[in-house]
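Have a look at the structure below before the remarks.
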Amino acid sequence: MATTIDIGEEALEFLAASKDIGDVELEALARAALSVLLGAEREDTALVDPVLEEMNVDLIKKLYSGFVCLFVEAAKNDLSSKELCAFLRSECGVAQDRGELLSHLFANKKEELRTRLSLTANYSHLPQLSGVDWRLEYRTSSSSDEGGPVRELVYHLSLKTRERDDDGELRKLDFSCSVEQLQDLVSQLKDACKSVERAVERR
């Protein structure tokens with residue numbers, strides 16, 4: 001039975017596009033992804049490589065994103081070098097020699113990557129949310145560039161956590177945002193919830 005990991009359709013498409021670049025560029029991008037995942041470099045420095053200078057920027061971003069998804073899921077599922085190579089061949093259409101190259105790079109960093117993932121997966125040190133307070137403020141300024149008054153709605157939110165400060169009061173995170181910013185926050189939280197639901201359903 002072939003080994004399958006869920007890296008998403010988009011990532012599969014990105015990895016399939018690796019056929020459009022040479023072996024040197026392929027290895028450089030894979031090494032960059034591993035370097036960033038392991039915290040050795042930041043993206044803005046890891047992707048600065050002379051061998052990538054002639055590559056299309058959008059293709060660099062796609063392949064880099066694909067490699068990050070691939071290596072994270074392969075590490076989480078404890079894939080062997082042989083299993084990863086088989087996955088790349090069957091699901092992404094990657095040639096045997098290229099699959100072996102990527103699998104070798106991954107195998108050399110797998111244990112280090114798994115250790116790092118296990119640390120970042122422990123969220124026990126983060127404060128737990130216990131409640132939310134909010135109020136809506138309607139602001140009106142005297143004038144704008146067009147000469148008329150400026151009216152806007154501003155939300156003030158207070159996130160309560162289970163942690164207590166030195167006075168025994170629950171710690172809070174207070175911030176303000178516009179309607180558009182709040183809508184964007186809610187949308188991102190919904191996406192996060194859906195991702196968790198999908199992960200649970202796959203178990």
Side-chain angles (χ1 to χ4, degrees), residues 1-18 21 23-52 59-92 94-129 159 161-163 171 173 188-189 191-203:
M1 183 175 178
T3 301
T4 302
I5 54 176
D6 186 4
I7 64 174
E9 291 297 324
E10 190 174 53
L12 288 173
E13 292 177 7
F14 291 167
L15 291 170
S18 63
I21 65 174
D23 291 349
V24 176
E25 291 83 2
L26 182 80
E27 182 175 352
L29 283 169
R31 287 186 182 278
L34 286 168
S35 181
V36 173
L37 286 172
L38 293 172
E41 290 183 274
R42 290 171 38 175
E43 287 184 3
D44 55 353
T45 57
L47 294 173
V48 177
D49 191 313
V51 303
L52 303 178
L59 183 57
I60 290 176
K61 292 179 180 179
K62 288 180 178 180
L63 288 172
Y64 168 77
S65 175
F67 284 135
V68 168
C69 293
L70 175 71
F71 293 142
V72 167
E73 288 301 318
K76 284 169 57 178
N77 289 275
D78 197 18
L79 261 62
S80 66
S81 178
K82 184 177 180 179
E83 288 172 330
L84 180 58
C85 184
F87 173 81
L88 286 166
R89 289 194 64 193
S90 63
E91 302 299 324
C92 308
V94 176
Q96 177 70 26
D97 58 339
R98 291 184 150 209
E100 291 176 351
L101 169 62
L102 294 172
S103 300
H104 177 71
L105 292 174
F106 167 74
N108 287 340
K109 299 293 184 180
K110 185 177 82 167
E111 292 309 316
E112 189 178 349
L113 184 54
R114 282 177 58 80
T115 298
R116 188 171 181 83
L117 288 175
S118 67
L119 293 175
T120 57
N122 181 6
Y123 300 112
S124 60
H125 65 287
L126 297 177
Q128 292 181 309
L129 190 66
L159 305 182
T161 72
R162 297 185 186 280
E163 282 190 341
R171 293 186 184 276
L173 173 63
Q188 292 187 49
L189 289 173
D191 287 343
C193 289
K194 290 178 181 177
S195 296
V196 172
E197 290 172 359
R198 287 195 295 268
V200 171
E201 289 172 356
R202 290 199 298 267
R203 289 182 177 276

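Here the closest heavy-atom approach between residue Leu12 and residue Cys92 is recorded as CD2-SG, 3.7 Å. Nearest heavy atoms, Ala107 versus Ser81: CB-CB, 4.1 Å. Nearest approach of Leu15 to Val94, heavy atoms of both residues: O-CG2, 4.4 Å.
Counting non-hydrogen atoms of neighbouring residues, nucleotides and ligands closer than 6.0 angstrom, the CD atom of Gln96 exceeds 12 such neighbours. Counting non-hydrogen atoms of other residues, nucleotides and ligands closer than 6.0 Å to NZ of Lys110 gives a total above 12.
For the pair Ile7 and Phe87, the minimum side-chain heavy-atom distance is below 4.5 Å. With contacts defined as side-chain heavy-atom distances shorter than 4.5 Å, the pair Leu37/Val72 qualifies. Between Leu84 and Leu70, some side-chain heavy-atom pair lies under the 4.5 Å cut-off. In this structure, Glu43 and Tyr64 have side chains that are in contact, with non-hydrogen atoms separated by less than 4.5 Å. Contact annotation: the side chain of Val68 never approaches that of Val36 to less than 4.5 Å [non-hydrogen atoms, C-beta and beyond].
The backbone N or O of Ser80 sits less than 3.5 Å from a side-chain atom of Glu83, completing a donor-acceptor pair.
For the side chain to side chain contact (heavy atoms under 4.5 Å, CB included) with Ser18, the lone residue among Asp23, Leu59, Leu29, Leu26 that qualifies is Leu26.
Remark: Glu10 CD to Cys69 SG distance equals 8.0 Å, nearest 0.5 Å. Put simply, CD on Glu73 and CG on Asp6 are 6.5 Å apart, with the number rounded to the nearest 0.5 Å.
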